[in-house]
2 protein chains.
Amino acid sequence: MIRPMARTNTRFVEAYNELLSLCDQLEVGAYLPSENALASQLGVSRTVIRSALTRLDDCSIIALDGREKILRRHSTEDDRLEGPPVLLGIEELESRFLDWVLRMDVPPGTVLNVAQLSKDFSVATHTLQEFFSSLSRFGIVVRRPRGGWVLLGFTKNYAVELSDFRTVLELNSVRHLAALPMDHEVWARLDSLEQEHLDLLQRIDNDFHDFSPLDEKFHAVINSVVTNRFVKEFQKIISLVFHYHFQWNKTHERERNEDAIREHLALIEALRSRDADKAEAAARRHLATSKQTLLSSLETNSHAT
Amino acid sequence: MIRPMARTNTRFVEAYNELLSLCDQLEVGAYLPSENALASQLGVSRTVIRSALTRLDDCSIIALDGREKILRRHSTEDDRLEGPPVLLGIEELESRFLDWVLRMDVPPGTVLNVAQLSKDFSVATHTLQEFFSSLSRFGIVVRRPRGGWVLLGFTKNYAVELSDFRTVLELNSVRHLAALPMDHEVWARLDSLEQEHLDLLQRIDNDFHDFSPLDEKFHAVINSVVTNRFVKEFQKIISLVFHYHFQWNKTHERERNEDAIREHLALIEALRSRDADKAEAAARRHLATSKQTLLSSLETNSHAT
DNA sequence: AATATGTTTATTATTATTAAAGACAGTTGA
DNA sequence: TCAACTGTCTTTAATAATAATAAACATATT
């Protein structure tokens, strides 16, 4: 009897299997704890516990009578339940989707097929819908007049605007940072970052690939001094877009990375001098380079309007 | 026979009624255009046209036989179909929801009941889900671990961060603006804005309520010089939050608005002098006042952590 | 050959259904 | 006696099923 299962019973299955393990640790004839105790122990509602106990009774693993739950036998491998295929949540979807768009180089204007994509990414269709709705805030997708979604970015325009926005946010961070007292913990982190940069510069010829994560770390530290939820939300998108593209732009990679390292070092030094104008100028220089790299990365990859 | 209607047939009903009007303009005995022609004329798919034609045939309004569609009679009032209650789209929802939160002063931490709210706002539940998902990008709501949504903002912290973010964006706009050539169209718009401000200042004692829309217009013009989709997206939220609160903060409203008008005028003058530093200083002053007003507005209204 | 209709398929929007959570009330036993 | 437990019921959110629509394809007609 296969009935439509409107909602996955993953929680029930997991709780049931956990209960089996719990029973196996007890002697046959022992009493199980109360429903409330089991519920809070397994982190599920009493409803789930009760369904599981009922099934344990049906399988003669326990004798259920009112509040008496006596263990009758230990479980076998056959007793364990198989759960439905686990679907991904919306958090995992984000990076997987952007990964798909950027790696596969999905052209702007592509109509996004929710039914198909939900299979490809193994998520529920409504999860995708919600995700697209949230992405529409960043102008990466738009809703079509009568249903459906279209991929907008990443065009050249998008890259320019994203870079400009990044510049606005990051210059703000830099100005904040330059004004922080010397005993602020960020200075120690910058010192260690400087060391990592110098270290990579030594072995740049071989290890230039190591720059991308270092770059991400560097900008994260710079922006960490501004505690603003809007800044942080954008940092996520910015970081994703920039680093995916850097990863796939192979032209003059070694030189680009070496130049970027020197720009980072210059910015660190300018920051340490506590000269806001000098720091801002150094940051501007580096962000302009970054923008150019992103743009050229888009141009080498086919479409860019 | 009431069967579950998975999707509203609004399009069909509207197309059918339009077809009735179209038929009434023809002589009885006339031939109707082809399905393709009708479809593109009414802006719907051929599928909809075909269902409508079939129904017209059933009601003996036309005689449908292959490609012959002969008009048999004109329609009466009874022939017209009643459409299902029209649900709101996600765009209308945005202002209605924020309106509800800010007017009703819904406290932070409130669990948002999708089923209930979808009735109150007369939208489909999934529309609300998508909407919340997109709002979560602005940190106004968050998803709970196992389903459901919680309202986070508008706390004092939120207001501070929003104001700071606004300041970052708007100072950027101001610096851009000050650098624009004198023949740029924005200067003419500023001139006319200045006049409107001076005008309102004359009659401030009676018409101080007129300031809120003027304020919105003023900031919109300032920010219009930056063509960046991220800036624009944020402007929407910023504008909504600020102006709703101003609307409900009645303490010293006349004085507050008069002060704000003078700050606006000072900024316009500073901008016209093309002195970026002076303009930035004027903008900073006004934005700081704005921030204080928002904060005090939150404090007078109960909860603010 | 062009344009029409008939048919089928694919996809989205919405409803119906189930799983799960939580609330309430009655019950039991130390 | 009362605190803890169980039985029952209500509410809510996640998902499958389904109707409406769009679009593609095939066939027919002028």
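Every chain is numbered from 1 and lettered A, B, ... according to where its sequence line falls, protein lines coming before strand lines.
Phosphate contact (OP1/OP2 of dA13(C), side-chain N/O of His126(B), threshold under 4.0 Å): absent.
The side chain of Phe12(A) has dA20(C) as its nearest neighbour among dA20(C), dA22(D), dT6(D). Closest to the side chain of Ser34(B), out of dT15(D), dA4(C), dA23(D), is dA4(C). Closest contact between the side chain of Asn113(B) and the listed nucleotides dT12(D), dT15(D), dT21(D) involves dT12(D). Closest contact between the side chain of Arg46(A) and the listed nucleotides dC24(C), dT21(D), dT12(C) involves dC24(C). Considering only side-chain atoms of Glu35(B), the nucleotide from dT5(C), dT21(D), dA13(D) that sits closest is dT5(C). Minimum atom distance to the side chain of Arg7(A) is reached by dA14(D), of the listed dA14(D), dT5(C), dG7(D). Comparing atom distances between the Asn36(B) side chain and each of dT5(C), dT15(D), dT12(C) picks out dT5(C) as nearest. Checking dT15(D), dA20(D), dG7(D) against every side-chain atom of Thr8(A), the shortest atom distance belongs to dT15(D).
Ranked by how close their nearest DNA chain D nucleotide is to the 5' end, Lys69(A) and Val111(B) are led by Lys69(A). Nearest-nucleotide mapping onto DNA chain C: of Arg146(B) and Arg143(A), the residue sitting toward the 5' end is Arg143(A). Take the nearest nucleotide of DNA chain D for Gly66(A) and for Val114(B): the residue whose nucleotide is more 5' is Gly66(A). Remark on DNA chain C: of its neighbouring residues Gly147(A) and Ser45(A), the 5'-side contact belongs to Gly147(A), judged by nearest-heavy-atom nucleotide.
If you take CG of Leu64(B) and C1' of dA4(C), they are 13 Å apart, rounded to a whole angstrom. Distance CG (Asn9(A)) to P (dA14(D)): 16 Å, rounded to an integer number of Å. For the pair Phe132(A) CZ and dA13(C) C1', the interatomic distance rounds to 16 Å; values are reported in whole Å. A straight line from CD of Glu68(A) to P of dT6(D) spans 11 Å, rounded to a whole angstrom. Rounded to an integer number of Å, the gap from CZ of Arg50(B) to P of dA24(D) is 17 Å. In this structure, Arg11(A) places its CZ atom 9 Å from C1' of dA21(C), rounding to the nearest Å. Counting to the nearest Å, the C1' atom of dT12(C) and the CZ atom of Arg144(A) are 10 Å from each other. Rounding to whole angstrom units, OH of residue Tyr16(B) and P of dT21(D) are separated by 15 Å.
No side-chain donor from either of Asn157(B) and Glu161(B) sits under 3.5 Å from a side-chain acceptor of the other. Counted by atom type alone, Arg80(B) and Ser21(B) present one or more donor-acceptor pairs between their side chains at under 3.5 Å.
Counting any heavy atom pair closer than 4.0 Å across all strands shown, Gln116(B) reaches no nucleic acid atom. In this structure, Leu112(A) reaches the sugar-phosphate backbone alone: every heavy-atom distance under 4.0 Å involves primed, P, OP1 or OP2 atoms, never a base. Within the 4.0 angstrom heavy-atom criterion, only backbone atoms of the sugar-phosphate kind lie near Thr10(B); the bases stay farther away.
A cation-pi geometry, defined here as NZ or CZ lying under 6.0 Å from the six-membered ring centre and within 45° of its normal, holds between Arg55(A) and Tyr16(A). Geometrically, Arg166(A) engages Phe242(A) in a cation-pi contact defined by less than 6.0 Å to the ring centre and at most 45° from the axis.
For Phe230(B) and Tyr158(A), the distance between ring centers is under 6.0 angstrom.
Within a 6.0 Å sphere centred on CZ of Arg73(B), other residues, nucleotides and ligands contribute more than 12 heavy atoms.
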